[in-house]
2 protein chains.
Amino acid sequence: MVKNTVKLRYLVLGLLKEKALTGYDIKVFLESFSWLIGSPSYGSLYPALHALRDDKLVTQEMESSRKIYRITSAGQQELREWADQPLTQETSLKTFLMHLILSANYSREGLTAYLQHRQSQIEAQRENLQQLLQDVESGSREPLALAYGLFMATQELQWLENVLAEPREM
Amino acid sequence: MVKNTVKLRYLVLGLLKEKALTGYDIKVFLESFSWLIGSPSYGSLYPALHALRDDKLVTQEMESSRKIYRITSAGQQELREWADQPLTQETSLKTFLMHLILSANYSREGLTAYLQHRQSQIEAQRENLQQLLQDVESGSREPLALAYGLFMATQELQWLENVLAEPREM
DNA sequence: GATTGCATGTAAGGGGTTACATGATTTT
DNA sequence: AAAATCATGTAACCCCTTACATGCAATC
């Protein structure tokens, strides 16, 4: 039975927009980010490709015993519609990085808006973490996790500031 | 029907080891890290607490219309066994942060080993990202995601180095 | 010619989210 | 007394992982 695999669906579609790839290629590329967001298993990746093929959003061709997938115009259409969606509150790092991977599908304005949305969200959470860290002081809490969160929040804000300041980098 | 919710199970158990909490308290605390790893929904959190209670790993008491959960000695035992497990390859940021939150359950040696494991993993992936970024140069790839990954990898390595250099911080 | 890496796939089951529901307590 | 926040819960459904399985291609 063909399932939706919604998140992966658009990630895969976005990668195929850049370049025709095999399932294996996609897996290898996404492995580069596994320390951040993990990497999808073949058990989800291949079914996702089959579903995209069945929905005519990608084509599948054999080439020296490898299956090359190419995005169709219908696929590009669907990807555009997906990218145009209003952004939700939820922006875990995983979701955020996924959007960065698909950033080629955004207009510069859309991308800027997205980055700013992320920025304000992290700013708020950073203050919250700072407060929590002060509350524990010499307490028995989990200061390592709080310290890590605070550090990474600060660094990501730095990165966002740099990227937003230099639009040509986008 | 009571399901297992394995990952959450130990996260919750670890938080309860520090302090008696309600489901709501746990949710609010984990929300502090939502920009990094998301936050579990109540639809998974409450069933996880019920399962822990049914397994006698936590106790449940009413207190002014709130349900306070406390870890039992059986729960502490199970948590220790879980923390003693050999580490797997998989170390997404989510898994890593989860371990940091539970760091109070590790011996200093165990924690050091875990941090070093993470360190060597990120070092390898950082080199890989660097290579990928060079390969694209002026190409049509997803340089924003690669740049983000590389930046965050570098920063996390910095953090790990600092923490490992100052054991009293742990 | 055997081992390792490339490459693709399926079935069962697990762990989670979404959407829906409810009520108590505090604040305006 | 209305609105917002605190607080808990369930059921359906979804997406993904795990474990298993296969075969070709390249290298030793």
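Below, read A as the first sequence line, B as the second, and so on, with proteins coming before strands; counting in each chain starts at 1.
Between the OH atom of A:Y24 and the P atom of C:dG5 there is a distance of 9 Å, rounded to whole Å. Here C:dA7 presents its P atom at 13 Å from CD1 of A:I26, a figure rounded to the nearest Å. At whole-Å resolution of the value, CG in A:D54 and P in C:dG9 are 11 Å apart. Distance, A:L30 CG to D:dC16 P: 12 Å, rounded to whole Å. One can place CD of A:E31 at 14 Å from C1' of C:dA7, the figure rounded to the nearest angstrom. Rounded to an integer number of Å, the gap from A:K7 NZ to C:dT18 P is 7 Å. One atom, NZ of A:K67, and another, C1' of D:dC24, lie 13 Å apart when rounded to the nearest Å. Computed from coordinates, the A:L8 CG to D:dC15 P distance equals 10 Å when rounded to whole Å.
Residue B:Y46 has no polar side-chain atom (N or O) positioned under 4.0 Å from OP1 or OP2 of D:dG9.
Between B:P40 and B:L30, the shortest heavy-atom contact is CG-CD1, 3.7 Å. Minimum heavy-atom separation, B:R9 to B:A51: NH1-CB, 4.4 Å.
Nearest nucleotide to the side chain of B:S44, out of C:dG16, C:dA7, C:dG9: C:dG16. Set against C:dT17, D:dC16, D:dG9, the side chain of B:S41 has C:dT17 as its closest nucleotide. Distance from the side chain of B:H50 is smallest for D:dT10 among the nucleotides C:dG16, D:dT10, D:dT8.
From one end of the helix from C:dG1-D:dC28 to C:dT28-D:dA1 to the other, with five pairs defining each end axis, the axis direction shifts by 40° (rounded to 10°).
Side-chain polar atoms of A:R126 and A:T154 form a donor-acceptor pair below 3.5 angstrom. Donor-acceptor pairing under 3.5 Å is recorded for the side chains of A:S34 and B:Q125. Side chains of A:Q77 and A:E81: a donor-acceptor N/O pair is present below 3.5 angstrom, by distance only.
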Identify each atom pair where a protein N or O and an N or O of nucleotides 19-25 of chain C are less than 3.5 Å apart, giving names and distance.
none

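Note on ring orientation: taking the six-membered ring where Trp is involved, the planes of B:Y114 and B:H117 are tilted (angle from 30° to 60°). The aromatic rings of B:W82 and B:Y10 lie parallel to each other, their planes meeting at an angle below 30°, with 60° marking the opposite boundary.
Across all strands shown, A:K27 has no heavy atoms under 4.0 Å from either base or sugar-phosphate atoms.
Of the two residues contacting DNA chain D, namely B:Q60 and A:S39, the nearest-nucleotide position lying further toward the 5' end is that of B:Q60.
The backbone N or O of B:I37 sits nowhere less than 3.5 Å from a side-chain atom of A:K94 that would complete a donor-acceptor pair.
Using a cutoff of 4.0 Å between basic side-chain nitrogens and carboxylate oxygens, B:K67 and B:E61 are not scored as salt-bridged.
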